[in-house]
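The structure appears below as structure tokens.
What you see is a predicted model; the values in this text were computed from it and never measured.
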Amino acid sequence: MKIIIVGGVAGGASAAARARRLSEEAEIVLVERGPDISFANCGLPYHLSGTIAERSKLLIVTPERMRERFKLDVRVRSDVEAIDRAAKSVRIRDLATGRTYDETYDKLILSPGASPIRPPITGLELPGIFTLRNLGDMDRIKAALDGGTRQAVVVGAGFIGLELVENFVARGVQTTLVELQDQVLPPLDKEMTTPILERLRAKGVEVLLSDSAESFAPAGADGLQVGLKSGRKLAAQLVVLGVGVRPENGLAVAAGLDVGPRGGIRVNQQMQTSDPDIYAVGDVVEIRDFVTDQPTQVPLAGPANRQGRLAADHIFGRSVRYRGTQGTAIVGLFGLAAGMTGQSEKALRRAGRAYAKAYVHPAHHAGYYPGAEGMTLKLLFDPTDGKLLGAQGVGGAGVDKRIDVLAVALQAGLTVYDLEEMELAYAPQFGSAKDPVNMLGFVAAGLLRGDHPQTDVEAVLADPTAALLVDVRTPTEFAAGRLPGAVNIPVDELRDRLAEIPRDRNVTVYCQVGQRGYLATRILLQNGYRVHNLAGGFKTWLLYAPAAKVEK
């Protein structure tokens, strides 16, 4: 058996190592265009600030180690230029000498990854404008920073863009973030990104939303002028584009392999392309979304690693199946974390998929133990059977733990009723007896059981007069800020003041995070009122600012 693997990093290197563990006899050739076959691309931004001080720490495994430990034929600085499917061979160019030669294969694994998108912008090739994909890109950006960069512009507020911003600020660089969408972190629902936006601005980052770069021009001896669609001109010595990636599918297209409308190589559940002797893994592939079962492209390291391992398993006759990708991801930013798994609300809406949602705003561990940090969790689930569809979280410590638990629950096909019953580790410094995951289950399951009819912020914003708004918090909380037009009847006084609430009107109650609103809903329901609780309470209302105005 002779296997040729095109590309290293997550998918290709994992496939190579797994193939060797399964067969000592196989001939395994790993061809990589660059000098490094396996590096921590997710860690690149953190070397720019010195958080990861030693560059060598980013090298997961060297070509020499792969040759020694796994008996692989590793060929770096070599480019596969063509595939001859009929001859089952590839044309390889040695980039150091220019020599080209053919190499036959029994099985071929494509793992070329995805390349950063470079939009057709005037002046894009000027010095000082970068993308970040590999160690060489990182070195060039770091050299620019070390050379005295005072002002930087990051175009694109996705995961990589935010990580770059944090590390530029840590270097003392004045940083502007430009994003075409009307929110940062576009994969998340907009309201869940409000704390991230606020933290960016609190750290001195100028965030320009609903805007884009349209031109770059020289400015002075070492500077650039960034022209925006809005007409603004930004001064910078360094610009980094983080506007997304596209699959490096040139080999596949030239070889006549099937690709999807967005360019991803189509594969089956065993990672085989339309040619059963050719596999594809990682950022270059189009796979199935775990929740919707629709084609998608998700450039993440975790799925790429699993796909590479799975392809090697299938080559050696093992019965395997890739379940699909659910897009579990997280980013850290100035002490906050924002993570997600599964579908977002806006994605479900675009797909026409029915859903319900729940919010909770718990602390990451018991409130009586010092150091508790708050978070907001959002759960999306099927309104008929309660099956999980997606989850998002933003806040301080503990967000990662909850997103991981919810990611496992989603992949296991669990429901909101299962979340109620989850038994999770508890001690006051780690969590609460009712973990935030349990709390999501309580809220969502209660909604499906009809225990507390719910409305959401969007419904109130769409028709503010559709229901009487009753704020059941304390007078002090009410005075500090409230929904426009709301009346204040604290929940502890509600039973004695029912006469103040008209019985011929719809009623929406709310508190700070939803818990007192739930109790008020139960009281009013059992007294014959048409009542709904505002999902997530006043704290969720604030996430929708500035559209969700506050009276004082």
Side-chain angles (χ1 to χ4, degrees), residues 3-22 26 28-44 58-63 66 70 72-76 78-80 83 90 105 107-116 133-135 245-252 255 257 259-260 262-273 275 277-288 290 296-316 318 320-329:
I3 304 169
I4 295 180
I5 302 170
V6 182
V9 195
S14 294
R18 179 63 171 172
R20 175 57 72 220
R21 289 194 296 270
L22 294 177
I28 304 169
V29 182
L30 177 58
V31 184
E32 168 58 45
R33 184 186 303 154
D36 307 300
I37 59 168
S38 186
F39 59 91
N41 49 2
C42 295
L44 300 182
L58 296 170
L59 292 168
I60 297 174
V61 62
T62 63
M66 290 291 272
F70 294 100
L72 300 178
D73 182 352
V74 179
R75 306 179 190 180
V76 296
S78 295
D79 189 25
V80 175
I83 302 169
V90 295
Y105 64 84
K107 302 292 181 181
L108 178 65
I109 301 177
L110 302 179
S111 180
S115 57
R133 183 189 186 188
N134 53 39
L135 288 165
V245 297
R246 60 167 55 95
E248 287 217 13
N249 63 8
L251 271 177
L257 300 177
V259 299
R262 293 173 54 200
I265 302 173
R266 285 182 166 149
V267 293
N268 62 16
Q269 291 183 312
Q270 287 71 42
M271 308 310 299
Q272 290 171 297
T273 68
D275 183 329
D277 290 323
I278 302 178
Y279 294 71
V281 301
D283 296 355
V284 75
V285 301
E286 175 188 276
I287 42 78
R288 309 298 290 186
F290 181 80
T296 189
Q297 291 169 212
V298 183
L300 292 171
N305 274 287
R306 295 195 302 278
Q307 291 162 11
R309 177 186 175 93
L310 187 149
D313 279 353
H314 190 257
I315 285 172
F316 287 101
R318 298 203 170 191
V320 290
R321 176 180 64 85
Y322 187 66
R323 300 181 185 180
T325 297
Q326 62 197 68
T328 306

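Arg133 places a side-chain N or O within donor-acceptor distance of the main-chain N or O of Ala114, the cut-off being under 3.5 Å. In this structure, the side chain of Asn249 engages the main chain of Gly263 through a donor-acceptor pair within 3.5 Å. Judged by distance alone, with hydrogens and angles left aside, the side-chain atoms of Ser14 form no donor-acceptor pair with the main-chain N or O of Gly12 at under 3.5 Å. Of the possible polar contacts, none joining the Ser111 side chain to the Gly282 backbone as a donor-acceptor pair under 3.5 Å is found. Side-chain N or O atoms of Arg20 include one that pairs as donor or acceptor with a backbone N or O of Phe70 at under 3.5 Å. When atom types are taken as modelled, the side chain of Gln297 and the backbone of Gly264 share a donor-acceptor pair closer than 3.5 angstrom.
In this structure, Ile3 CD1 and Asp277 CG are separated by 11.5 Å, a value rounded to the nearest 0.5 Å. To the nearest 0.5 Å, atoms CD1 (Ile265) and OH (Tyr279) are separated by 14.5 Å. Annotation: the span from Asn134 atom CG to Leu58 atom CG amounts to 12.0 Å, rounded to 0.5 Å.
Under the rule for a salt bridge (Lys or Arg N to Asp or Glu O under 4.0 Å), the partners of Asp73 that lie at least two apart in sequence or sit in another chain are Arg75. Judged as a side chain to side chain contact (heavy atoms under 4.5 Å, CB included), and not counting sequence neighbours, the contacts of Arg323 are Phe290, Arg321, Gln411. With sequence neighbours excluded, the residues satisfying side chain to side chain donor-acceptor pair (under 3.5 Å) with Asp275 are Arg85. Applying the side chain to side chain contact (heavy atoms under 4.5 Å, CB included) rule to Leu310 yields the partners Met271, Val320, Tyr322; only residues at least two apart in sequence or on another chain are considered. Partners of Arg306 according to the salt bridge (Lys or Arg N to Asp or Glu O under 4.0 Å) rule, which considers only residues two or more places apart in sequence or in another chain, do not exist here.
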May I have the list of side-chain donor-acceptor pairs in residues 28-38 shorter than 3.5 Å, sequence neighbours left out?
residue: Glu32; atom: OE1; partner: Gly8; partner atom: N; Å: 2.9
residue: Glu32; atom: OE2; partner: Gly34; partner atom: N; Å: 2.9
residue: Arg33; atom: NE; partner: Asp79; partner atom: OD1; Å: 3.4
residue: Arg33; atom: NH1; partner: Glu248; partner atom: OE1; Å: 3.3
residue: Arg33; atom: NH2; partner: Glu248; partner atom: OE1; Å: 3.3

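Side-chain atoms of Leu22 and Ile315, non-hydrogen and from C-beta on, never get closer than 4.5 Å to each other. Under the 4.5 Å side-chain criterion, counting only non-hydrogen atoms from C-beta, Arg309 is in contact with Arg21.
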